[in-house]
Asker: 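This structure is in structure tokens; I'll ask about it shortly.
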Amino acid sequence: CSIERKRRLNEVSKILNLITDNTAPVTAVSTGDTKYGADPTYITSAAPITLTASDGLSGVNHIEINLDGSGFVTYNNPITFASEGNHAIVYRAIDNLGNTEVPLTANFVVDNTAPESSITVGEPKYDAHNGTPLMITSITPVTLSSLDKGSIPVGVNRSEFKIDSGDWTSYTGAFHV
């Protein structure tokens, strides 16, 4: 949009160029490593959550966040949640003209509790109960079980095992040594 103004016959024309910006900025949320799922996103307390906003015209002035209903504050640094459980970030960006993004919510579940695994050794086996290792044959089945016991368990992604100095192997069922 241009506005031209001319007052007198011998006055030089002056032109003022204007750009109309009625568009709010757009914010993107990214999560560091140690994550699973989309909504909610399961993370550990070590996973940083970063917000970045873009605005193609007047530019982003700032981003505001509301963590777990605590009220909006200015976002400055990546966010982490120390406590296990459900967490929500409501966020919005404001550009240099005051255009404000409609608030959006990102939901997270923090799970810092690792799964617990146990080993079951089938028959035949012999335990001398004198501090010597358990004795088995090459046909003795060995099974693993894993359980996620956190306050909000995500579940077990996979179990792995290794024998002596061998490589880690994904557990798919009973195996023999």
Side-chain angles (χ1 to χ4, degrees), residues 25-54 60 62-93 101-177:
V26 176
T27 303
V29 178
S30 62
T31 307
D33 288 338
T34 318
K35 65 183 174 203
Y36 170 75
D39 189 26
T41 301
Y42 290 85
I43 59 174
T44 68
S45 59
I49 303 161
T50 304
L51 289 88
T52 53
S54 60
V60 175
H62 66 282
I63 299 171
E64 294 178 340
I65 56 172
N66 179 337
L67 302 176
D68 294 333
S70 62
F72 279 101
V73 296
T74 301
Y75 168 80
N76 293 309
N77 296 305
I79 302 159
T80 57
F81 292 107
S83 63
E84 285 193 327
N86 293 300
H87 298 280
I89 301 172
V90 178
Y91 58 93
R92 64 187 179 200
E101 180 179 26
V102 173
L104 299 168
T105 302
N107 294 300
F108 298 91
V109 176
V110 176
D111 179 4
N112 291 322
T113 305
E116 294 178 11
S117 296
S118 61
I119 299 172
T120 303
V121 178
E123 297 293 335
K125 65 182 173 194
Y126 174 71
D127 187 350
H129 298 289
N130 62 4
T132 60
L134 184 66
M135 295 181 200
I136 62 174
T137 71
S138 60
I139 63 167
T140 303
V142 178
T143 57
L144 303 178
S145 61
S146 298
L147 184 62
D148 188 359
K149 294 182 177 182
S151 61
I152 298 186
V154 174
V156 177
N157 183 7
R158 70 179 179 275
S159 294
E160 298 178 325
F161 68 94
K162 74 177 191 171
I163 299 171
D164 296 327
S165 60
D167 293 331
W168 285 100
T169 304
S170 289
Y171 177 75
T172 58
F175 60 93
H176 305 276
V177 180

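Keep in mind that this is a model prediction, so the values were computed, not measured.
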Asker: Between the side chains of Ser145 and Ser118, is a donor N or O closer than 3.5 angstrom to an acceptor N or O?
Answerer: yes
Asker: Taking C-beta and beyond as the side chain, do Ser146 and Glu116 meet within less than 4.5 Å on heavy atoms?
Answerer: no
Asker: Does atom CD1 of Ile163 have more than 12 heavy-atom neighbours, drawn from other residues, nucleotides or ligands, at distances under 6.0 Å?
Answerer: yes
Asker: Would you name the heavy atoms of Asn66 and Gly71 that are closest together and state the gap between them?
Answerer: OD1-N, 3.1 Å
Asker: Has Arg92 got its NZ or CZ under 6.0 Å from the middle of the six-membered ring of Phe72, at an angle within 45 degrees of the ring axis?
Answerer: yes
Asker: Measure from the side-chain N and O atoms of Asn107 to the backbone N and O of Pro40, and report whether any donor-acceptor pair falls under 3.5 Å.
Answerer: no
Asker: Quick one: pull up OG1 in Thr52 and CD1 in Ile63 and give me the separation to the nearest 0.5 Å.
Answerer: 6.5 Å
Asker: Quick one: OG on Ser117 to OH on Tyr171, what's the gap to the nearest 0.5 Å?
Answerer: 10.5 Å
Asker: Return the minimal non-hydrogen interatomic distance between Val90 and Pro103, and the atom names on each side.
Answerer: CG1-CB, 3.8 Å
Asker: Would you check if Glu84 and Thr113 make a side-chain contact, meaning some heavy-atom pair closer than 4.5 Å?
Answerer: yes
Asker: What's the verdict on side chain to side chain contact (heavy atoms under 4.5 Å, CB included) for Ile152 and Asp111, showing C-alpha distance, side-chain angles and the deciding distance?
Answerer: CA-CA 6 Å; Ile152 298 186; Asp111 179 4; 5.8 Å; no
Asker: Might you point out which heavy atoms bring Ile136 and Lys125 nearest each other, and give the distance in Å?
Answerer: CG2-CB, 4.0 Å
Asker: For the atom pair CG (Leu134) and NE2 (His129), what is the distance rounded to the nearest 0.5 Å?
Answerer: 9.0 Å
Asker: Would you kindly say whether Asp68 and Ser70 are connected by a side-chain donor-acceptor distance under 3.5 Å?
Answerer: no
Asker: Atom OG1 in Thr74, atom NE2 in His62: separation rounded to 0.5 Å?
Answerer: 5.0 Å
Asker: Quick one: do Asn112 and Ser45 satisfy side chain to side chain donor-acceptor pair (under 3.5 Å)? Show the steps, please.
Answerer: CA-CA 7 Å; Asn112 291 322; Ser45 59; 3.2 Å; yes
Asker: Distance check, rounded to the nearest 0.5 Å: Tyr42 atom OH versus Thr31 atom OG1?
Answerer: 14.0 Å
Asker: Given the rule in the side chain to side chain donor-acceptor pair (under 3.5 Å) test, do Thr27 and Glu101 qualify, once you have shown the distances and angles that lead to the verdict?
Answerer: CA-CA 8 Å; Thr27 303; Glu101 180 179 26; 2.5 Å; yes
Asker: Can you tell if the side chain of Thr169 reaches within under 4.5 Å of the side chain of Glu160, non-hydrogen atoms only?
Answerer: no
Asker: Quick one: do Thr44 and Val110 satisfy side chain to side chain contact (heavy atoms under 4.5 Å, CB included)? Show the steps, please.
Answerer: CA-CA 5 Å; Thr44 68; Val110 176; 5.6 Å; no
Asker: Can you tell if the side chain of Ile49 reaches within under 4.5 Å of the side chain of Phe81, non-hydrogen atoms only?
Answerer: yes
Asker: Taking side chain as C-beta onward, heavy atoms only, is Thr105 less than 4.5 Å from Tyr91?
Answerer: no
Asker: Tell me whether Asn86 contacts the main-chain N or O of Val109 through its side chain, where contact means a donor paired with an acceptor under 3.5 Å.
Answerer: no
Asker: Looking at OG1 of Thr137 and CD of Glu123, how far apart are the two atoms once the value is rounded to the nearest 0.5 Å?
Answerer: 9.5 Å
Asker: With the side chain counted from C-beta on, respond yes when Ile89 and Phe108 share a heavy-atom pair under 4.5 Å apart, and no when they do not.
Answerer: yes
Asker: Would you say that more than 12 heavy atoms from the other residues, nucleotides or ligands in this model lie under 6.0 Å from the NZ of Lys162, or not?
Answerer: yes
Asker: So Ile119 and Val142, do their side chains get closer than 4.5 Å, heavy atoms only?
Answerer: yes
Asker: Would you say that more than 12 heavy atoms from the other residues, nucleotides or ligands in this model lie under 6.0 Å from the CG of Asn130, or not?
Answerer: yes
Asker: Show, in sequence, the C-alpha distance, side-chain angles and deciding distance for Val29 and Thr50, and conclude whether the side chain to side chain contact (heavy atoms under 4.5 Å, CB included) test is met.
Answerer: CA-CA 6 Å; Val29 178; Thr50 304; over 6 Å; no
Asker: Looking at side-chain heavy atoms only, is the closest gap between Leu147 and Val156 below 4.5 Å?
Answerer: no
